[in-house]
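Scroll down for the structure; my scribbles are underneath it.
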Number of protein chains: 2
Amino acid sequence: MQRPTIKTIAQETGLSIATVSKALKHSPQVRPETRAIVIEAAERVGYELNMHGVQLRTGKTYQVAAIMTAPGPKQNEWEGVEYAQLLSGISWALEDSPYRVSLYAVRNFEESQAIIKQIVSLKKADGIIISGTRADDPRIRTMHAADFPFVTYGTSVHNAPHAYVDADNEQMIRVSMARLVERGHRRIALLNPLSDLSYGITRLEAYRHALEGAGLPFDPALVAHGRLTPAFGRENVLTMSDLSNPPTAYICANEASALGAFSGFHERGLVHGRDAVINATDDLNVSQYFAPPITTYYLPISEPSSLLGAYILRRMEGEPPEALQTLLMPKLIERCDDRLTQSR
Amino acid sequence: MQRPTIKTIAQETGLSIATVSKALKHSPQVRPETRAIVIEAAERVGYELNMHGVQLRTGKTYQVAAIMTAPGPKQNEWEGVEYAQLLSGISWALEDSPYRVSLYAVRNFEESQAIIKQIVSLKKADGIIISGTRADDPRIRTMHAADFPFVTYGTSVHNAPHAYVDADNEQMIRVSMARLVERGHRRIALLNPLSDLSYGITRLEAYRHALEGAGLPFDPALVAHGRLTPAFGRENVLTMSDLSNPPTAYICANEASALGAFSGFHERGLVHGRDAVINATDDLNVSQYFAPPITTYYLPISEPSSLLGAYILRRMEGEPPEALQTLLMPKLIERCDDRLTQSR
DNA sequence: ACAACGAAGTTAAACGTTTTTATCGTTCAT
DNA sequence: ATGAACGATAAAAACGTTTAACTTCGTTGT
């Protein structure tokens, strides 16, 4: 038994395939009674739209390309990015639409650039979602120039506005710094992502601005940029704690680096809360299981991810990007007082 | 300027589209010289195969469905599963093929069952990759009955053989237990995944078998089943350490639960290496940053994932499943002696 | 009374491929 | 010399859908 097509329904009802097609997509050209007959027949024979026919005819792919930058097999250190949750959030947002998530795993920035050019020029998808945006991101320019619908996870500083979702890094650092300063910290370290990433820049600027506001000097030795692995957190604690005037607080950009920072504490014999404290931005809600639990800014990844899905749908429907820009403020979770128990 | 098709090449070369099509796919029906002309023209005009035409004509989708069970937005606790790396590994394995990974995020087992039925009956993909297999898995039966190509990440005990990749849980537990017993442990706790999961059963059986071999009694109070979150690890340490005869070693099925176990140690004032030790199975290579680092069995997720990709390709080409079954033995990484420093 | 119109369908073409079948020279055995 | 067999290419149909263009017929306005 073959899979039924609109032709089957046409024979079944005595109508033409054109009418059937129109009826199924609620064209005003077909009378309600006729439509009812078609719908009934469609259900009776178990009709399901064949996307391949549609795709060929219309040129639409009904695919949303999710570009995922994951380090290659040789370099698989944990970076605490719950890409999986990000992807499933997007996938769920598209659930009731005909669109599917098509995965493009790339190893680095250059590869993502190449892939995006290919998707755009060969129209392998109707929309693109990327993350890890840079301040001036050539991929965004590519997509923009081709007038291709896209949404970014992360901001950029292009003059042309585009749809994006991101955590409110500026506010997060501002609040975080104010809170630490208020608790007596004068030497605050910033463990930041790679310096070309847009959110790294945002965080750094907010950090400097906060220092300025508090009348504290900016010390480059207290700022580090790198891939946010546990190793990164550890190394930097080892280095910075050796300074003549070591930091009393570490702001980690994710919980992988925070975990590494703890490892550094352990190595140096530092006690959290006595010698220094660690604050982090937490995607996984895992810092509550650190020993001791630390203060974090927590943004359940389901929020940005479902927004990304919703926004790409709306972009593909032609909605202007200006309306599709959101900064989400992570929730402050104070698990620790973060005042040092004895001054140094 | 329109995108070139085989028709463009036909006009360009004066050949028929049939010949062009055959030439491009290396049919023996076309002379080498003719083929050369076609290839040259194709490159000159920048021809790229349009998959939609192929899909409609052949009925093949060139999609591999990856079913990813991620807990819903309300329940997003870290389970230490690097799905993202799994997905990218699969994606890279398909890189040089015409196949793409199409993502299907589901919230639970029932949903995955429904999705798979749909994919199979409506032929929305040419192959399926699933994980989280159960001992007797209805999804496997569905795919098997329809003679649909699939590979599982995880074993099952069906009579009909199927393609799978998994960690060698049996051997891992056997070696792990022998090692702990040798180091003087008599009360060993097993923190296991949900009891309906196939690998949970394998681990439990191997555990009981090892106890028997060592002449130790099986105590149900030392075995727990659950979602492998930090909370799970923590709760069980809290409970088990209160036993009149508490365990001196905890075998955790992943590093999320191991992290939680540490949190439990901290809460109870237990010291790792003095009161008890934690061993784990590690996907992320993150346990080296625990304080102190613990002994783990480490399997870089890139290995199983690239195998999954390779196997689904071969299955879709009709290779029998018997040849596509692999158990991978994780590497023992001893970061800790695991002998208690003082007997109790 | 008749042109004009609108509503509701139908016809037919088109999207880009693959594949079956047909065609047309050549070669080879008889 | 005849025709069977073969090799290389062309013609045509098919996959399932959408949509522009057309038909039909009843209604409306003058």
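In the text below, chain A, chain B and the rest are named by the order of the sequence lines, each starting its count at 1. Only a predicted model underlies this, so the values are computations on that prediction, with no experimental measurement involved.
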Sequence neighbours excluded and cut-off under 3.5 Å, please list the side-chain donor-acceptor pairs for residues 92-99 of chain B, or say none.
residue : atom : partner : partner atom : Å
B/W92   : NE1  : A/A105  : O            : 3.0
B/E95   : OE1  : A/R107  : NH2          : 3.3
B/E95   : OE2  : A/R107  : NH1          : 3.1
B/S97   : OG   : B/L94   : O            : 2.8
B/S97   : OG   : B/Y99   : N            : 3.0
B/Y99   : OH   : B/K60   : NZ           : 2.8

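Pairs passing the salt bridge (charged side-chain N to carboxylate O under 4.0 Å, His left out) check and including a residue from residues 112-123 of chain A, sequence neighbours excluded, read A/K123-A/D126. A salt bridge (charged side-chain N to carboxylate O under 4.0 Å, His left out) check over residues 140-151 of chain A, counting only residues at least two apart or in different chains, returns the pairs A/D136-A/R141.
Residue-to-nucleotide proximity on DNA chain D shows that, of A/I17 and B/T34, the 5′-proximal contact is made by B/T34. Taking the nucleotide of DNA chain D with the nearest heavy atom to each of B/P32 and A/S21, the more 5' of the two is matched to B/P32.
The nucleotide range of DNA chain C contacted by chain B, defined by atoms under 4.0 angstrom from heavy atoms of the protein and reported 5' to 3', is C/dG16 to C/dT20.
Salt-bridge annotation for B/E319 and B/R315: absent, with no side-chain N of the basic residue lying under 4.0 Å from a carboxylate O of the acidic one.
Checked against side-chain hydrogen bond (donor to acceptor under 3.5 Å, both in side chains), A/E303 has no partners two or more places apart in sequence or in another chain. Judged as a ring pair (Phe, Tyr, Trp, His ring centres under 6.0 Å), and not counting sequence neighbours, A/Y199 has no contacts. Taking the side-chain hydrogen bond (donor to acceptor under 3.5 Å, both in side chains) definition, one finds that A/S131 meets it with A/Y83, sequence neighbours left out. Taking B/S306 as the reference, nothing meets the side chain to side chain contact (heavy atoms under 4.5 Å, CB included) condition, with sequence neighbours excluded. Checked against side chain to side chain contact (heavy atoms under 4.5 Å, CB included), A/R57 has no partners two or more places apart in sequence or in another chain.
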Any protein N or O atoms within reach of nucleotides 21-27 of chain D? Criterion: under 3.5 Å, listing atom names and distances.
none

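If you take OH of A/Y62 and P of D/dT17, they are 12 Å apart, rounded to a whole angstrom.
B/Y62 does not carry B/R100 over the face of its six-membered ring by the limits of under 6.0 Å from the centre and within 45° of the normal.
End-to-end axis angle of the helix from C/dA1-D/dT30 to C/dT30-D/dA1, using five pairs per end and rounding to 10°, comes to 60°.
Within the 3.5 Å criterion, the main-chain N or O of A/S27 finds a donor-acceptor partner in the side chain of A/R35.
Listed by residue number, the members of residues 46-59 of chain A with any heavy atom below 4.0 angstrom from DNA chain C are A/L56, A/R57.
To the nearest 0.5 Å, the span separating CG on B/L324 from NE2 on B/H162 amounts to 12.0 Å.
At the heavy-atom level, A/T5 lies under 4.0 Å from the strands shown only through sugar-phosphate atoms. Within the nucleic acid shown, B/L15 comes within 4.0 Å of sugar-phosphate atoms alone, with no base atom in reach, counting heavy atoms only.
Taking the side chain as every heavy atom from C-beta outward, B/V64 and B/M316 approach each other to under 4.5 Å.
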